[in-house]
Amino acid sequence: MSASLFGVETPGLCQLPGLAAAEEPALLAQIGAIAAMAPFRVMLTPGGGRLSAAMTNCGQAGWVSDRRGYRYERTDPLTGRPWPALPCLFQSLARRAAHEAGFPGFTPDVCLINRYEPGAKMALHQDRDEADFTAPIVSVSLGLAVMFLWGGAGRADKPRKLLLGSGDVVVWGGPARLNFHGVAPLKPGPHPLGLRYNLTFRRAL
Ligand code: MD3
Ligand code: FE
C-alpha cells in the first residue's frame, strides 16, 4: 500500500479522495450531536500555550492535552461524563477506508474531532499517545480545504504538501504511522461551512 505524492512513493499512505463526500451532510449532523454532549474546546499544551484548533472526541476514550501532558482519558474533563459513543456511521466509514487501504478489520476506539477556523493550524508533530502503532489512523476532512504537511521520519525532514478537501479520506499506517505531520494555517475559501473539521479514527487503548 503506497501513494504517490509529487511522484515520491510513500509507503503506508493511502489517499481515498472523495470517499466520504456523499456522507458529508450526515457526518456534519453527527458532529453537531457530539458537540452538544461534549463541546468543542481549545486545549492547553503542557507548556502553557493553547492549541490552535478546537477539539472534542467520541468513542471509548478521548485525546486530551493540559498542563500535565497529552493522554487519552475515558471521561471528558470538561463535563465529567464519558465521551459520546462513536456513531455507527463513523465506525463503518473508518472501517471501509481502512479496508480499502489494506487494513481489514480496523475497529477504532477513539475519534478525535478537530475544528479549524480560518487562521488555525497544527504544527508538525507525531501521533504517539496511542497504545498500538500497528493499527492505522484514518483521517476524514470536511469543509474548507487545507494544505496538509507531510514530513518524514525525522522532525527536520522538509515536509511535502497535500491539499485535503471536503470528503477526502487518508489512511496512514505501517511505515507512515509515526511520520511527522501538520497543517498549514487554514485559508478562507468557497466551502459554505466556512471552517474545517477533521476526524481522526484511532486505536488508542
Ligand atoms: C499521519 N490532525 O489530529 S489529519 C491530529 O488535519 C492531526 O486535523 C491533522 O494531525 C488535521 O493528530 C491531520 C491527517 C493525519 C492524522 C494522523 C496521522 C495524518 C497522520 C498520524 C500519523 C501519520
Ligand atoms: Fe496528528
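Note that the numbering runs from 1 along the sequence shown for the chain. On a predicted model such as this, the values are computed, not experimentally measured, just so you know. All ligand and atom numbering here is 1-based and tracks the order in the structure.
- Using a 4.0 Å cut-off between heavy atoms, M55 makes no contact with ligand 1 at all.
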Donor-acceptor contacts, no H, no angles, side chain residues 109-123, under 3.5 Å, sequence neighbours left out:
{"residue": "D109", "atom": "OD1", "partner": "A204", "partner atom": "N", "Å": "2.7"}
{"residue": "D109", "atom": "OD2", "partner": "L205", "partner atom": "N", "Å": "3.2"}

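- Ligand-side atoms of ligand 1 in range of Y116: 6 (O), 8 (O), 9 (C), 11 (C), range being under 4.0 angstrom from any heavy atom.
- The two residues C58 and W83 have their closest heavy-atom pair at CA-CB, 4.3 Å.
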Extract all donor-acceptor atom pairs below 3.5 Å that involve side chains of residues 183-197 and protein atoms in other chains or at least two apart in sequence.
{"residue": "H191", "atom": "ND1", "partner": "L193", "partner atom": "N", "Å": "3.0"}
{"residue": "H191", "atom": "NE2", "partner": "E24", "partner atom": "OE2", "Å": "3.1"}
{"residue": "R196", "atom": "NH2", "partner": "S141", "partner atom": "OG", "Å": "2.9"}

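- In this structure, H181 and W172 have parallel ring planes: the angle between them is below the 30° cut-off, well short of the 60° mark.
- Assignment of Q126 to the shell around ligand 1 is not supported, since no heavy atom sits closer than 4.0 Å.
- Atoms of ligand 1 lying under 4.0 Å from at least one heavy atom of W150, given by number and element, are 1 (C), 23 (C).
- Ranking the protein heavy atoms by distance from atom 15 (C) of ligand 1 puts W172 NE1, 3.4 Å first.
- Considering both main-chain and side-chain atoms, S139 never comes within under 3.5 Å of ligand 1 through any nitrogen or oxygen pair.
- Distances from atom 21 (C) of ligand 1 to the heavy atoms of M122, H181, R196 show the closest one on H181.
- When heavy-atom distances to ligand 1 are checked against a 4.0 Å cut-off, L178 has no atom that comes that close, whether in backbone or side chain.
- Nearest heavy atom pair, residue F106 against residue A98, reads CB-CB, 3.4 Å.
- Paired with E130 under the rule salt bridge (Lys or Arg N to Asp or Glu O under 4.0 Å), one option of R71, R203, R177 passes, and it is R177.
- The N, O or S atom of D127 lying closest to the Fe ion (ligand 2) is OD1.
- Counting heavy atoms under 4.0 Å from ligand 1, residue A176 touches it through the backbone alone.
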